[in-house]
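Only this structure's heavy atoms are used, side chains among them; waters, hydrogens and symmetry mates stay out. Keep in mind it's a predicted model, so treat the numbers as computed, not measured.
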Amino acid sequence: MKKLKVVVLLLIAAVFLFPATAQTQKKANVFLLISGSLGDKGFNDSARGALDMIKQKYGANATVKYTELGTDVAKFAPALEDAGAEGYDIVFCSNNFNSAVQEVAARYPKTLYVMYDGWIKEDIGNVYSIQYKNSEAGYLAGALAGLMTKYTADPKINADNVIGFVGGRDITGINDFFVGYIAGAQKMNPSIKIIYNYVNSFTDTAKAKDQALVQYKSYNADIVYHAAGRAGLGVFDAAVETGKYAIGVDTDQASLFGNEPKKADLILTSTMKRVDLTLFQAFEKFMNGEKLGGKKVYVGAAEGVIAYAPFNKAMPASIKTELEKLQADIKAGKVSIPSAFSMTADEINKMRDSVNAAK
């Protein structure tokens, strides 16, 4: 009888100590809808990377799928509709789907729509939207460029104090990078001038290359930073052609050119925007039972989402040390950085004009 009591007590203890067993572990399926296509070596590829992170941790408890929808916005709402109708637990999509999400999401309340790189315009109970502090990334890039333009011991650097910027489109999200870039560059080099262009596309690499070539050759820019998606890859081609430096965006873009060392060696660093990490974290929160629907979050360096990629060996140790301290200060909230999201169009224009190398 005593042995039976002991067994019963052990079973009761097991129930309380181990309430969650393998057979009751939560499962979920997730669908990533991509505007444009993969292969940009940046924003979209980073989003796709989140699925790999999810599968690596959750294995059979997570079903992942993605599709590339190109640039035809007419496909966006039907794709969201299909995902909801098929019963996906989570749908990831970028801010390019903003209007489509507003149209579709409420009809599928059991599906959580996670929209990244922008906030949903309306409050919808099953939409979780993520905005990135792009201006922090731009500030990091600008600070590096501003310091490097003064490092004339490097034969690739001239005495003109000119740097460049190539943006995908003249829109708030891209100008958020740019105003941060201006502020960071001016902080480190008050004499700085910036030549800038907008591709009016996130895919036209040839046009971005041509614009960067003009910045390098006609305006003598030492360094060009891009925030132009796949189009921005053309900036690296221009860097190789001129032997000048560039700064990448969103992912560690130098590491993506292991088979093109001439290109990789000219990318001083990249400002990383960890789309992969934020989507993975959203999935983890969902799996842990946290209610995400209806929330809007704003993330940056403090959350480990905005940061420098590894620095190029061409950069002097003193500059690397100064930039590492700057990154820590931004993460700690010690640096005031302007944001295009809180500026008027006139204020953005005034800021651009203040450094415009073409004037």
Side-chain angles (χ1 to χ4, degrees), residues 28-56 62-105 108 111-120 126-132 134 167-169 171 173-174 177 199-205 208 226-234 248-253 256 270 272-283 286 292 299 305:
N29 51 23
V30 58
F31 196 178
L32 168 65
L33 303 180
I34 299 168
S35 63
S37 61
L38 295 174
D40 62 351
K41 300 184 184 296
F43 185 76
N44 283 341
D45 287 353
S46 183
R48 170 65 182 82
L51 301 186
D52 295 331
M53 295 170 72
I54 290 168
K55 284 300 293 183
Q56 183 175 359
T63 301
V64 301
K65 178 182 176 181
Y66 70 89
T67 188
E68 301 167 72
L69 296 172
T71 57
D72 185 357
V73 295
K75 295 179 180 179
F76 294 177
L80 291 171
E81 188 95 36
D82 289 345
E86 291 171 19
Y88 277 89
D89 296 296
I90 301 180
V91 175
F92 293 144
C93 61
S94 74
N95 187 50
N96 291 331
F97 290 77
N98 203 313
S99 297
V101 169
Q102 291 179 80
E103 177 187 339
V104 173
Y108 300 95
T111 295
L112 175 67
Y113 291 86
V114 177
M115 194 185 79
Y116 55 95
D117 207 33
W119 284 327
I120 190 74
N126 62 323
V127 178
Y128 177 63
S129 53
I130 305 165
Q131 179 63 271
Y132 299 98
N134 297 330
R169 295 188 188 279
I171 57 177
I174 297 303
F177 283 100
V199 187
N200 292 322
S201 165
F202 289 98
T203 58
D204 192 342
T205 55
H226 86 88
R230 178 194 288 271
L233 299 178
V249 75
D250 292 345
T251 63
D252 180 5
Q253 294 196 301
L256 301 172
S270 299
M272 297 175 65
K273 182 164 77 173
R274 295 293 305 277
V275 177
D276 56 348
L277 181 61
T278 49
L279 297 187
F280 173 73
Q281 289 173 339
F283 186 82
F286 174 84
L292 300 179
V299 296
V305 175

- Heavy atoms of Phe286 and Ala28 approach each other most closely as CE2-CB, 3.8 Å

- Query: Looking at CZ of Phe283 and CD1 of Ile90, how far apart are the two atoms once the value is rounded to the nearest 0.5 Å?
  - Reply: 5.5 Å

- Do Gln102 and Asn98 have a side chain donor and acceptor closer than 3.5 Å? yes

- Task: Return yes if some donor-acceptor pair links the side-chain N/O of Asn44 with the main-chain N/O of Ser37 below 3.5 Å, else return no.
- Result: yes

- Can you name the nearest heavy-atom pair linking Ala228 to Gly167, along with the distance? CB-C, 4.0 Å

- Please round to the nearest 0.5 Å and tell me the distance separating atom CD1 of Ile174 and atom NE2 of His226. 10.0 Å

- Query: Does the side chain of Leu80 come within less than 4.5 Å of Val101's, by heavy atoms?
  - Reply: yes

- Message: Do Val114 and Ile130 have side chains that approach each other closer than 4.5 Å (heavy atoms only, starting at C-beta)?
- Response: yes

- Run the side-chain contact (heavy atoms from CB on, under 4.5 Å) check on Glu81 and Tyr108 step by step: do they pass? CA-CA 8 Å; Glu81 188 95 36; Tyr108 300 95; 2.5 Å; yes

- Task: Kindly compute the distance separating OH (Tyr113) from CG (Leu33), expressed to the nearest 0.5 Å.
- Result: 9.0 Å

- Gap between atom CZ of Phe177 and atom CG of Asp250 - 0.5 Å precision: 5.0 Å

- Message: Minimum heavy-atom separation for Val199 and Ala208, please, with both atom names.
- Response: CG2-CB, 3.9 Å

- Correct closest heavy-atom pair for Met115 and Ile120 would be CE-N, 3.4 Å

- Query: Out of Gln56, Arg48, Lys55, which residue meets the side-chain hydrogen bond (donor to acceptor under 3.5 Å, both in side chains) rule with Asp52?
  - Reply: Arg48

- Given Ser46 and Met272, is the side-chain contact (heavy atoms from CB on, under 4.5 Å) satisfied, shown in steps? CA-CA 10 Å; Ser46 183; Met272 297 175 65; over 6 Å; no

- Task: Give me the ring orientation class for Phe97 and Phe76: parallel if the planes are under 30° apart, tilted from 30 to 60°, perpendicular past 60°.
- Result: parallel

- Query: Quick one: does Asp82's side chain get under 4.5 Å of Phe31's, heavy atoms only?
  - Reply: no

- Message: Test your reading of the model: is there a side-chain donor-acceptor pair from Ser270 to the backbone of Thr251, 3.5 Å cut-off?
- Response: yes

- Message: Evaluate Leu233 against Gln253 for side-chain contact (heavy atoms from CB on, under 4.5 Å), listing each step before the verdict.
- Response: CA-CA 9 Å; Leu233 299 178; Gln253 294 196 301; 4.0 Å; yes

- Task: List for me each residue that meets salt bridge (charged side-chain N to carboxylate O under 4.0 Å, His left out) alongside Asp117, sequence neighbours excluded, and say none if there are none.
- Result: Lys273

- Those residues that, when tested against Ala77, pass side-chain contact (heavy atoms from CB on, under 4.5 Å) (two or more places apart): Ala100, Glu103, Val104

- Item | Distance in Å, Ile54 CD1 paired with Leu279 CG, rounded so as to fall on 0.5 Å steps | 7.5 Å

- Message: Give me the atom names and distance for the closest heavy-atom approach of Asn29 to Gly87.
- Response: OD1-O, 3.7 Å

- Item | Nearest heavy atoms of Phe43 and Ser94, plus distance in Å | CE2-CB, 4.1 Å

- How many angstroms lie between NZ in Lys75 and CD in Glu68, if you round to the nearest 0.5 Å? 11.0 Å

